[in-house]
Amino acid sequence: MEVESLAREMETAVRVVHLASSLCVKVQEKLRLPSSTNGNGGGHVKSKDDDSPVTVADWGVQAIVSWVLAEVFGTQNLSIVAEEDTDSLSKSESLGLLDSVSNAVNEALSEAHKYGLPKPDKPLGSHDILKAIGRCNSTGGPKGRHWVLDPVDGTLGFVRGDQYAVALALIEDGKVLLGVLGCPNYPVKKEGLRNGCNQSGAGSVSKGCVMYAKRGSGQAWMQPLIPGGYPESTTLLKASTVDDPVLATVCEPVERANSNHLFTAGLANSMGVRKQPMRVYSMVKYAAIACGDAEVFMKFAQSSYKEKIWDHAAGVVIVEEAGGVVSDAGGRKLDFSKGVYLEGLDRGIIACSNTVLHDKIIGAVYASWESSSL
Ligand SMILES: Nc1ncnc2c1ncn2[C@@H]1O[C@H](COP(=O)(O)OS(=O)(=O)O)[C@@H](OP(=O)(O)O)[C@H]1O
Ligand SMILES: [Mg+2]
Ligand SMILES: [Mg+2]
Ligand SMILES: [Mg+2]
């Protein structure tokens, strides 16, 4: 599929995810301070109506991404579909929380120029911040361009000091054109040190990266996350070529409530997977497939749960351009054209590093579905 250049969109998306990730790193550090161990991260964490957590970072990232996109592309026809809203943040009892969000946003935006992004002339006020967050209330749909944002995916992982992702994608006429994933805690293997310092070939590990891909390019890329600025190096990503289930690493959500661990264990067993599942929060699971650290990601939510587009859009295009395959459990592509939800999803999501493994899993799903307890 031929896609127009999208150079400005991609450049902006990658840079703003770097900036947003830097905000997340700082907020997560604060959450880990001893003064924050009162259960709500020193006031930085709230519960939503469905009991899921939302934090200063979720609102802060949404405000930053929305503000930057509006500055770069203008507000006319700007459509952003994103997870958070301003309902609880604009209540009078949330003044302290809104202050914390403002501080985090202004601290990050004051560094925007170091990322090659516009920065405000003066710090944004609470009103500007609420406006930026509230602007992301588009419901997407089959026509036109829509930015899709999960400001913090895996908020539970985030508050637990674990893995999470900042996920931004651009959809046009229902197709994901580009995706960017910020993974601030992802362990990235560096090439073995050269010049005789380390000849073992094992390489060292550093933390944090941004992955991105453009639809139809056949390439997915990774940049390191560096403190206080935009990196110079970029590495090509390649999904794993392992197609023997015995050697495959399968990842899945951490929470039992989010995916049926029993069903996926039976499925993995029936196709000959031997390794224990790698349970990881957030779209970092897609990242692991894209960079060759895992071969399979399966998620089978309860049948009453409807998957949202912001939990998958960026990950899907990155995995596919790195050489992988993503579908529902019936083998059909995910449909990003129906609004906020992945309507018509057949049972679950299966992302694989290659078609051979993918075909095997789809076959195993058909074989084992009858006896499942879903
Ligand atoms: N009941 C239920 N079933 C399935 N999925 C749900 C459910 N509730 C929430 N969510 C969505 O799951 C997102 C986190 O998915 P993960 O794969 O990271 O799950 S886990 O945290 O590792 O268990 C999480 O994304 P964030 O809210 O951005 O963290 C939710 O969109
Ligand atoms: Mg999410
Ligand atoms: Mg989220
Ligand atoms: Mg959430």
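Predicted, not measured: the structure shown is a model, and the values here were computed from it. No hydrogens, no waters, no symmetry mates; every other heavy atom, side chains included, goes into these values. First listed ligand is number 1; within each ligand, the first listed atom is number 1.
Glu93 CD: more than 12 foreign heavy atoms inside a 6.0 Å radius. Around the NZ atom of Lys131, the shell of radius 6.0 Å holds no more than 12 heavy atoms that belong to other residues, nucleotides or ligands. Under a cut-off of 6.0 angstrom, the local environment of CG in Asp121 is sparse, with at most 12 non-hydrogen atoms contributed by other residues, nucleotides or ligands.
In this structure, Ser327 and Arg332 have side chains that are not in contact, with every pair of non-hydrogen atoms separated by 4.5 Å or more. Counting only heavy atoms from C-beta outward, the side chains of Ile361 and Met298 approach each other to under 4.5 Å.
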Side chains of residues 111-118: which donor-acceptor partners sit under 3.5 Å, not counting sequence neighbours?
from   : atom 1 : to     : atom 2 : distance (Å)
Glu111 : OE2    : Lys114 : NZ     : 2.8
His113 : ND1    : Ser110 : O      : 3.4
Tyr115 : OH     : Gly229 : N      : 3.3

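Taking His312 as the reference, Tyr286 meet the ring pair (Phe, Tyr, Trp, His ring centres under 6.0 Å) condition, with sequence neighbours excluded.
Protein nitrogen, oxygen and sulfur atoms, that is N, O or S, within less than 2.8 Å of the Mg ion (ligand 2) amount to 3.
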Run the salt bridge (charged side-chain N to carboxylate O under 4.0 Å, His left out) check on Lys214 and Glu172 step by step: do they pass? CA-CA 12 Å; Lys214 188 178 83 171; Glu172 187 172 61; over 6 Å; no
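Under a 3.5 Å cut-off, the side chain of Ser66 and the backbone N or O of Ile133 do not form any donor-acceptor pair.
The immediate protein surroundings of ligand 1, defined as residues with any heavy atom under 4.0 Å of it, consist of Glu83, Asp150, Val152, Asp153, Gly154, Thr155, Pro253, Val254, Glu255, Ala257, Asn258, Val280, Tyr281, Ser282, Lys285, Lys299, Ala301, Tyr305, Asp311.
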